[in-house]
Amino acid sequence: MDNNLIIYNTLTRTKEKFEPLHPPLVGLYVCGPTVYSDVHLGNCRTFVSFDLIYRYFLHLGYKVRYVRNITDAGHLEGDMDEGDDKFAKKAKLEQLEPMEIVQKYTLGFRDMMSLFNALPPSIEPTATGHIIEQIEMVKQILKNGYAYEVNGTVYFDVEKYCKEFNYTILTNRQLEELLENTRELGGQNEKRGRLDFALWIKAKPEHIMRWPSPWGVGFPGWHIECSAMSSKYLGDSFDIHGGGMDLAATHHTNEIAQSQACNHVQPAKYWMHTNMLTVNGARMSKSKGNGFLPGELFTGNHPLLSRGFSPMSVRFFMLQAHYRSTLDFSNDALEASDKGFKRLMNAYGLLDKLSPSQKSDIDLKGLSDRCYAAMNDDFNSPVLIAELFEAVHIINSIYDGKTAATAQDLEDLKLLMKNFVFDVLGLKEESNQTDDMGQLLDFIISLRSEAKVNKDYATSDKIRIGLNALGIQLKDNKEGTTWNKI
RNA sequence: GGUCGGGUGGCCGAGUGGCUAGGCAGAGGUCUGCAAAACCUUUUACAGCGGUUCGAAUCCGCUCCUGACCUCCA
């Protein structure tokens with residue numbers, strides 16, 4: 001097992017050698033989506049990034065338990081601890097039960113992940129399925145003295161916590177400044193401290209999603225679900241906790257506080273945060289309304305897109321940037337990635353057609369080492385992809401007869417490509433032909449070839465132009481004619 | 001206002017002191033009835049000013065611009 005993996009840990013703001021708590025096991029928890037609306041591309045980027053990370057751990061031979069939750073309760077719209085939760089609001093809007101909203105968007109999310117070829121997590125727990133665990137955790141935090149109950153709502157006592165623990169450990173902010181910049185408590189507010197947040201919230205009479213608890217009927221606060229579910233499935237202390245960077249300052253900060261207050265241990269050894277997808281330099285977000293939806297992306301039905309792009313082209317586009325960098329989304333950038341991806345896949349296809357030589361003038365070991373070095377350096381997929389394009393260059397060169405490789409080298413090259421392109425990067429071939437259509441086209445192409453042999457170029461051009469108008473592009477190569485959808 | 005990031009060639013995006021990442025676009029070429037595609041070769045860069053150094057895109061200082069978080073968001 002490779003043990004040279006380096007991970008950037010938000011907790012220490014440095015790159016650290018990865019040493020699992022209980023090798024060969026790795027516990028990975030990632031904050032999943034809040035399923036009250038369609039996931040947009042920005043959400044997907046985070047999960048594609050963690051899919052890459054998950055896949056690389058698997059490739060290295062670790063036994064990974066990957067837990068990614070579905071938030072289906074407890075998330076409040078607008079100001080803290082006031083008003084309806086997002087599910088109730090959306091349910092009213094769409095005239096559905098809250099759980100119908102949850103079901104609809106959970107399935108939509110899974111479909112999207114599947115289109116992007118993201119492996120399903122080992123466990124995908126829901127907040128509503130773990131109300132008991134959350135109540136137990138709130139009880140323990142109360143018992144340990146880090147929370148207080150007011151009128152059916154339980155708040156986390158940040159001030160008390162700060163006396164013993166570093167509340168801002170993840171973001172390194174100054175507590176005094178946090179206090180200064182947090183809004184004043186209103187007269188009717190029940191919270192003692194400005195930074196206090198709700199662990200359990202009393203349900204108003206009209207609130208639909210509600211559960212009984214020792215403090216009356218209510219529902220859980222947003223942050224407690226991840227603390228409760230991560231410790232249930234991965235233990236009080238586990239290897240990696242991940243999520244989008246936007247979650248670090250609030251959600252993850254509070255998660256750490258809850259877990260420390262409950263169990264007196266840091267929940268995760270490594271905290272990993274993925275950066276945002278931007279559109280024209282601004283963050284793609286639900287509230288800004290600049291999100292791209294799956295349908296718009298694949299059909300191209302969006303003002304910023306000139307055409308539709310396939311899920312694998314988009315995945316490749318995402319992987320061409322490092323997960324901790326912002327990535328700017330544009331039609332041109334997508335177009336570039338689409339072509340690059342096709343070039344990579346084309347070279348992979350050539351691997352089967354290469355003829356072995358007696359000697360080899362390629363350095364496969366060096367190439368392989370550089371691929372691993374790239375991924376070991378905090379999952380640097382863009383550098384890995386650059387190395388894979390070196391492999392593309394080698395493959396094309398062998399195909400042209402300009403470079404020689406032994407049968408063994410060819411086999412190793414193929415294995416290398418398979419490992420990194422398919423297993424680690426999680427790309428897959430996007431077959432663009434159905435059997436019926438393929439056979440039909442083969443027949444038409446054979447007619448055209450006859451015309452060409454007879455130098456009847458009027459007919460051959462007519463077929464090519466006609467098919468082009470139908471969205472089929474013909475390409476004449478040495479071996480014959482191939483086709484693809486435009 | 002506070003905290004933390006960025007500013008790399010036409011575009012996207014790696015790179016933390018010396019060894020021109022990579023992809024796309026552009027240019028030239030090979031192949032081809034033509035075209036397209038494919039392949040080969042190749043030009044263009046490190047926001048500005050100052051400093052440290054034999055040497056800086058990379059370290060330090062200042063300036064300008066910009067993003068994220070601080071209030072729901074991956």
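No experiment lies behind these values; they were computed from the predicted model shown. A note on names: the letters A, B, ... follow the listed sequences, proteins ahead of strands, and every chain is numbered from 1.
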Has A:Arg68 got its NZ or CZ under 6.0 Å from the middle of the six-membered ring of A:Phe50, at an angle within 45 degrees of the ring axis?
no

Could you tell me the Watson-Crick or G-U partner of B:A47, where both distances fall under 3.5 Å? Say none if there is no partner.
B:U63

If only side-chain N and O atoms of A:Lys339 are considered, is one of them under 4.0 Å from the OP1 or OP2 phosphate oxygen of B:A25?
yes

Answer for the Watson-Crick or wobble partner of B:U3, both distances under 3.5 Å, is B:A68

Heavy-atom nearest nucleotide on RNA chain B for A:Thr278 versus A:Asp328: which residue maps closer to 5'?
A:Asp328

Quick check on salt bridge (charged side-chain N to carboxylate O under 4.0 Å, His left out): which of A:Lys15, A:Arg370, A:Lys17 does A:Asp377 satisfy it with?
A:Lys15

Between B:A14 and A:Ser325, is there an OP1 or OP2 to side-chain N/O distance shorter than 4.0 Å?
yes

Does B:G23 have its OP1 or OP2 closer than 4.0 Å to a side-chain nitrogen or oxygen of A:Arg343?
yes

Is any side-chain N or O of A:Arg324 closer than 4.0 Å to OP1 or OP2 of B:G5?
no

Partner lookup for B:A38, please. Criteria are Watson-Crick or G-U wobble with both distances under 3.5 angstrom; report none if nothing qualifies.
B:U30

Interatomic spacing from OG in A:Ser310 to CZ in A:Phe341 - rounded to 0.5 Å:
6.0 Å

Please measure how far the P atom in B:A57 lies from the corresponding atom in B:A47, and state the result in whole Å.
10 Å

Is there a Watson-Crick or G-U wobble partner for B:C54 with both distances under 3.5 Å, and which nucleotide is it?
B:G18

Distance below 4.0 Å between A:His393 side-chain N/O and B:C40 OP1 or OP2
yes

Answer yes if the side chains of A:Asn69 and A:Glu225 hold a donor-acceptor pair under 3.5 Å, and no otherwise.
yes

